[in-house]
Amino acid sequence: MCGPTIRHAIAPAATSGSAPGALGDAPVNPAGLPTSYEHGNRLTSLGSEVDPILVEIVQGTLASVEMEVETAIARTSRSPMIRDAHDFRAGIHDRQLRKLTGRSYSALVHPIARDFPLAEMREGDVFFHNDVYESEGGIGHLPDLCVTVPVFHEGEVVAFVQAFGHHDDIGGAVPGSMPSNARTVFEEGLSVPPIKLWDAGVPNRAALRIMTRNSRMPDSLAADLDAECSACLMGARRLSELFARYGRDTIETAFDAILDATTETYRREILSKIPDGTYVWEDYAEHDGVDEPQLHTQRITLTKVSTGGPGPGDGGPKLIIDFTGTSKQAKGPINHCGDYVGGNFLKKWLAPVLRNLADTPERMAELDVNEGIVPLIEMRFPEKGTLLTPIYPAPTNARTFVILRLLGVLAGVVAKAVDGQMPADQETIRYTGVYGKDRDGNDYLMREVLGGGSGGRYYADGEDTIHVVPDSRNLPTEFTESRFPFLVERLGLAVDSGGAGRHRGGLGYEKHIRMLQDASFMSIADRSILACWGVKGGKAGRPFEVTIDLGGPEERVVDALADAEPVKAGQVIRIRTTGGGGWGDPLERPYDEVERDLRWGKVSFEGARTDYGVVASGTKDEPVVDATASDALRAERRAALGAQPFFDRGPGYARLASGSAAAEVDWV
């Protein structure tokens, strides 16, 4: 009987976790595969020069190819989640596995290079994986399927094009493959370690059949995978043309120049704004689907040092992000495998928060996040067995509760360092949907990622109904009503959902769905108890809420984690998503801005009085602010106001914190 084939790695350069006893002393992953592989190094020697105009051409070409890949996927895929909601990303990486494009996050090439030597790859190869624990931290939950295509020049791998997206169903205990009470990854669907899905242009039909056989939506899955593979192969051809036009040495020098420029820009314009020192803050997920609601802590100790060391790319300011103090891994599926490859994925996931320190909003919008930010951040993880360092086979399908919260924790800890010059909190991903049988008796699944309001900023209100995945969106009403047995009776802004502040938090969605057939409702959401926090006097936004049979005899608020909540034909489901936190004292908000919010319907008359101390009358179209009465009310409110913490978590925090209104770390 033959033993398993072990694919050996490229020359060792960096390692992740190790397990003793396998392959001698070589580090291995949970499956026993080697994890020593070359990555993250420069392609050219330090100081290599390239025409700056050519660098701009190369950078523009990379962005164009990335966009072309995403456009091709959107136009040729089939599932609503990919085609209509646009919940997928593309990325371009060099042969050292460094991400070159910076419009958004993407997965990692590391598990492919780990298991398949570059020297053995051939043109037309397509690699596939979705295994959370073998993705080196690049895949957060099993519905995120990832395809990777090598780019060739003169017979050698010179780059990679990659796409990954959230797919409707890949098996598991419930439709949609996100069981809210899963206790192991085995309940969440089909796990596929890195495999060769296409071999030199020939699809692996057996592997595709296995994957589609495990899906409740096999046709959509097959079409989506075909779209993603074909689009990435097209992107690889485009990049090969770039190398053929200018030559490998020139292009690789340009790649290094692109990443060097990012490193220097963030060092000079962003990290310099954070005073040297150590700062601590924490935030929480509220439930895990198994235990009763409680505070699942995610803590960051942020240390800014003036120099990161003498090595190339390491000189100058540096941030150390220490996650010690993060809660133990949850029984339910809110864990995230973040501690692989030195936290490479998390560095690029969290870094966009730092752009808020740019001199102007316009400059912030210009700053990309690519591999150039990696040398500026050092991550320190706690021992195995925490929310960020879970032990296989801990479930992970709702890991958004952790990685979204970490964006806010980093924003909060930086806010403590810079006197609040960061936005308040937002929660812009949650999964809701319905499934059942349509009028013809066919199975259907409608799942949607609805956004929420972003946090108020020191210079402006938050934005309404933001989706954190770039270019993603809610599903069009015309499409859903024609395909699924329900009517969308309302889709608008959730009035009063934005946290009060000198700069108000953005509003969330309010969506009403009337079912035409009996169905089951599903929800994977957080922030139904704990609200998006306000900062520097700003108040927390309104939390997430779902009501079934709105206005009917069986009206009820359902849990934010639900797999199969029954809904009868004729009943209305109301979904209200989170509002962003407010920034600054709401009693300082000018009357004309409150009057405008009343006219626009973003704030109610009662909300104006309660949240802003503004007395108004009249109608929505013609509100009238009583300045004298408002002055008196605001003076009364200020006189009664005692010492306030720097962060406001909203009333739900006390429910889970034994009555405490604020955490110790909320004060500065």
Please check this pair: side chain of S64 against backbone of G60, looking for a donor-acceptor N/O pair closer than 3.5 Å.
no
Judged by atom type as modelled, is there a donor-acceptor pair below 3.5 Å linking the side chain of D461 to the main-chain atoms of R504?
yes
Separation of L354 CG from L367 CG (nearest 0.5 Å):
10.5 Å
Donor-acceptor contact below 3.5 Å, side chain N335 vs main chain P395:
yes
Does the side chain of V468 reach to within under 4.5 Å of the side chain of I466, using non-hydrogen atoms?
no
Donor-acceptor check, side chain of R405 to backbone of Y284, threshold 3.5 angstrom: yes or no?
yes
Shortest non-hydrogen separation from A540 to A531 and the atoms involved:
CB-CB, 3.8 Å
Describe, in one word, how the ring planes of F486 and F484 are oriented to each other, choosing from parallel (under 30°), tilted (30 to 60°) and perpendicular (over 60°).
parallel
Can you tell me how the ring of F345 sits relative to the ring of H336, calling it parallel under 30°, perpendicular over 60° and tilted otherwise?
tilted
Mind checking the CG-CG spacing from D226 to L221? Nearest 0.5 Å is all I need.
11.0 Å
Hey, what do you get for CD (E188) to CE (M178), rounding to the nearest 0.5 Å?
8.5 Å
Please examine the side chains of F521 and M515, heavy atoms only from C-beta on, and report whether any two atoms are closer than 4.5 Å.
no
Parallel, tilted or perpendicular: ring planes of H503 versus W583, cut at 30 and 60 degrees
tilted
Looking at N130 and L142, would you say the former's side chain and the latter's main chain have a donor-acceptor pair under 3.5 Å?
yes
Euclidean distance, F127 CZ relative to L197 CG, rounded to 0.5 Å
10.5 Å
Under 3.5 Å: donor-acceptor pair, side chain of D464, backbone of L507:
yes
Yes or no on side-chain contact (heavy atoms from CB on, under 4.5 Å) for N370 and L100, after CA distance, side-chain angles and deciding distance?
CA-CA 6 Å; N370 55 36; L100 299 167; 5.9 Å; no
Is it the case that the side chain of T577 and the backbone of G451 share a donor-acceptor pair, with hydrogens and angles ignored and the cut-off at 3.5 Å?
yes
Nearest heavy-atom contact between D219 and R78 is CB-NH1, 3.5 Å
Non-hydrogen side-chain atoms of W349 and L404 separated by less than 4.5 Å
yes
Just do the side-chain contact (heavy atoms from CB on, under 4.5 Å) check on R490 and E510 with the steps written out, would you?
CA-CA 7 Å; R490 171 182 167 84; E510 179 167 328; 3.5 Å; yes
Do the side chain of R430 and the main chain of L450 share a donor and acceptor less than 3.5 angstrom apart?
yes
Show, in sequence, the C-alpha distance, side-chain angles and deciding distance for D563 and S180, and conclude whether the side-chain hydrogen bond (donor to acceptor under 3.5 Å, both in side chains) test is met.
CA-CA 6 Å; D563 290 332; S180 64; 3.2 Å; yes
Hydrogens and angles aside, do E448 and T432 bring a side-chain donor and acceptor to less than 3.5 Å of each other?
no
Over all heavy atoms of both residues, which pair between E66 and A90 is shortest? Give the atoms and the distance, please.
OE2-O, 3.0 Å
Side-chain ion pair, R599 and E595, N-O less than 4.0 Å
yes
Could you check L225 against F128 for side-chain contact (heavy atoms from CB on, under 4.5 Å), going step by step and ending with a plain yes or no?
CA-CA 10 Å; L225 283 174; F128 174 91; 3.7 Å; yes
I'd like to know if R527 pairs up with D283 as an ion pair, taking the criterion as any Lys NZ or Arg NE/NH1/NH2 lying under 4.0 Å from an Asp or Glu carboxylate oxygen.
yes
Examine the side chains of D168 and S220 and answer whether a donor and an acceptor come within less than 3.5 Å of each other.
no
Between CZ on residue F164 and OG on residue S135, distance to nearest 0.5 Å:
9.5 Å
Is the shortest heavy-atom distance from the side chain of Q162 to the side chain of C232 under 4.5 Å?
no
side-chain contact (heavy atoms from CB on, under 4.5 Å), that's the test. Do K99 and S106 meet it? Break it down for me.
CA-CA 8 Å; K99 186 172 184 291; S106 64; 3.0 Å; yes
Any non-hydrogen side-chain atom of M522 less than 4.5 Å from a side-chain atom of V174?
no
Of the non-hydrogen atoms in V594 and A608, which two are nearest, and what is the gap between them?
CG1-CB, 3.9 Å
salt_bridge(E371, K348) N-O dist < 4.0 Å
yes
Are D84 and R483 ion-paired here, with the side-chain N under 4.0 Å from a carboxylate O?
no
Approximate separation, where rounding is to 0.5 Å, of Q59 CD and D368 CG
6.5 Å
State whether a side-chain donor-acceptor pair under 3.5 Å links T477 with E481.
no
Can you confirm whether the side chains of Q298 and H296 place a donor and an acceptor under 3.5 Å from each other?
no
D87 and S472: side chain donor to acceptor below 3.5 Å
no
Mark yes when over 12 heavy atoms from residues, nucleotides or ligands other than R209 sit less than 6.0 Å from its CZ; otherwise mark no.
no
Heavy-atom side-chain contact between I139 and D131 under 4.5 Å:
no
Side chain of S177, backbone of G172: donor and acceptor closer than 3.5 Å?
no
Whether over 12 other heavy atoms sit under 6.0 Å from E622 CD:
no
Do I513 and V434 have side chains that approach each other closer than 4.5 Å (heavy atoms only, starting at C-beta)?
no
Test your reading of the model: is there a side-chain donor-acceptor pair from D526 to the backbone of F401, 3.5 Å cut-off?
no
Return the minimal non-hydrogen interatomic distance between A85 and M81, and the atom names on each side.
CB-O, 3.4 Å
Please say whether more than 12 non-hydrogen atoms of neighbouring residues, nucleotides or ligands are located less than 6.0 Å from CZ in R556.
yes
Please find the pair of heavy atoms, one from S528 and one from H287, that lie closest to each other, and give the distance.
OG-CE1, 4.3 Å
Salt bridge (charged side-chain N to carboxylate O under 4.0 Å, His left out) with D611: of R589, K602, R542, only one passes, and it is R542
On the 0 to 90° scale, with breaks at 30° and 60°, tag the H166-H141 ring pair as parallel, tilted or perpendicular.
perpendicular
What pairs with R574 under side-chain hydrogen bond (donor to acceptor under 3.5 Å, both in side chains), at least two apart in sequence or on another chain?
E545, T547
So do Y435 and D443 actually touch side chain to side chain, heavy atoms under 4.5 Å?
no
Can E427 and T578 be counted as having a side-chain donor-acceptor contact under 3.5 angstrom?
no
